[in-house]
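A quick write-up on the structure given underneath.
Atoms considered below: every heavy atom in the structure, side chains included; atoms not considered: hydrogens, waters and symmetry mates.
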Amino acid sequence: MSVAFFTLMERKVLGYIHLRKGPNKPGIFLVPFADAVKLFLKELSSPSLSNNFSFVGIVIMLIPMALWVTYPLLASLSFHKLMLIFVLAVSSFGVYGTLAAGWTSNSKYSLLGAIRAAAQTISYEVSMSIVMLSVMLFVLYDPSQQSQIPMILFLFPLFLVFSVSLLAETNRSPFDLAEGESELVSGFNTEFSSVLFVMIFLAEYSSIMFMSLLVSALFLMTSFSGLVLFSLFMSFFFIWSRGSLPRFRYDQLMYLAWKSFLPMSLIILLLITTMFS
């Protein structure tokens, strides 16, 4: 349900960014359900030379579902001290679902999109891991954190690095090369339709919502209500970037990851460890 209304918010915001209304024919609250009915009633077809890839959509869908175990509720799993390790480990498994989706389609264009998506995800996961480690070290050793001050006031450069890395991690604009490059129709999911496409679609948007929650918990949260509020703001950030920024070239994408974000995050990690050593 959250994904359904998030897509509605995205389409309406993009509509007003482009000076148009956005979807309004079925009624404003019925648009996501009309889209769902349309997708589920479509014929499930696959190329004659492709492998049986019905399991791939399930694998891709399971990754963000497993990530939501860490949502800060009263469940015992939510307060485990190794939850950030769990987030990094599970999110890295998403690469295998993407590669499998491209490979089993038996299409060179789908495989090309899957390989590029995997390289992009792996590249930005390195910077994300270092940023998360830096934030945890700062929280662990800084005594001023007992007064519940948001991390963004101390680690604003890391906040920017982490936010932009999340755009690349979730294949969103302006880093949506895996799905929107000029020679690709829809990237690695070109051959997917009906229910299988819905699973990939749901996985992408639920991953966006979880990553918004993650960056809010690391940098912005001071209370549970603040966590919800800032998660909505970061979700809006994903939509805002899609409606405002032009798409990067692939070489620019990799240059940003390895020659800008990685050195910056390593330098800040070194400064934090030196400060509290």
Practice problem: Carefully, step by step, assess Phe159 and Phe162 under the rule ring-ring contact (aromatic ring centres under 6.0 Å, His included). | Solution: CA-CA 5 Å; Phe159 169 74; Phe162 197 71; 8.6 Å; no
Determine whether [X] and [Y] make a side-chain contact, defined as any pair of heavy atoms from C-beta on separated by less than 4.5 Å.
| X | Y | answer |
| --- | --- | --- |
| Asp35 | Arg11 | yes |
| Ile268 | Val131 | no |
| Leu14 | Ile239 | yes |
| Leu213 | Val228 | no |

Nearest atoms (heavy-atom pairs only) where [X] meets [Y]:
| X | Y | value |
| --- | --- | --- |
| Ala89 | Ser92 | O-OG, 2.6 Å |
| Leu218 | Met151 | O-CG, 3.1 Å |
| Ser129 | Leu88 | OG-CD2, 3.6 Å |
| Arg116 | Tyr250 | O-OH, 3.1 Å |
| Pro32 | Leu8 | CG-CB, 3.8 Å |
| Glu125 | Ser91 | OE2-O, 3.5 Å |

Give a yes or no on whether the backbone of [Y] and the side-chain of [X] come within a donor-acceptor separation of less than 3.5 Å.
| X | Y | answer |
| --- | --- | --- |
| Ser216 | Phe230 | yes |
| Thr273 | Leu270 | yes |
| Ser173 | Arg242 | no |
| Thr98 | Gly94 | yes |
| Lys12 | Lys21 | yes |
| Ser206 | Ala203 | yes |
| Ser163 | Leu160 | no |
| Gln252 | Arg249 | yes |
| Ser127 | Tyr124 | no |

Quiz item: Per the side-chain contact (heavy atoms from CB on, under 4.5 Å) rule, which among Val3, Thr7, Ile60 passes with Leu202?
Solution: Val3
Quiz item: Only one of Leu67, Leu166, Thr170 clears side-chain contact (heavy atoms from CB on, under 4.5 Å) with Phe210; which?
Solution: Leu67
Co-membership, hydrophobic cluster, residues [X] and [Y], 4.5 Å side-chain:
| X | Y | result |
| --- | --- | --- |
| Val164 | Ile267 | no |
| Val31 | Leu41 | no |
| Met234 | Leu245 | no |
| Leu271 | Leu133 | no |
| Phe6 | Leu232 | no |

Quiz prompt | Aromatic contact, Phe233 with Phe236 (centres under 6.0 Å) | solution = no
Quiz item: Is the NZ or CZ atom of Arg247 positioned over Phe175's six-membered ring, under 6.0 angstrom from the centre and within 45° of the axis?
Solution: no
Self-check item: Lys NZ or Arg CZ of Arg172 over Tyr205 ring: under 6.0 Å, within 45°
Solution: yes
Distance from [X] atom [atom1] to [Y] atom [atom2], nearest 0.5 Å?
| X | Y | atom1 | atom2 | result |
| --- | --- | --- | --- | --- |
| Leu158 | Ser265 | CG | OG | 7.5 Å |
| Leu220 | Ile152 | CG | CD1 | 5.0 Å |
| Met128 | Thr121 | CE | OG1 | 10.0 Å |
| Leu256 | Phe261 | CG | CZ | 4.0 Å |
| Leu214 | Leu84 | CG | CG | 7.0 Å |
| Met65 | Ser207 | CE | OG | 13.5 Å |

Self-check item: Under 3.5 Å side-chain donor-acceptor pair for Asn171 and Gln120
Solution: yes
Exercise. Any chance you could lay out the side chain to side chain contact (heavy atoms under 4.5 Å, CB included) test for Trp68 and Met209, step after step, and finish with the verdict?
Key: CA-CA 10 Å; Trp68 277 101; Met209 297 178 69; 3.9 Å; yes
Quiz prompt | Trp240/Val13 under side chain to side chain contact (heavy atoms under 4.5 Å, CB included): CA gap, chis, key distance, verdict | solution = CA-CA 8 Å; Trp240 190 11; Val13 170; over 6 Å; no
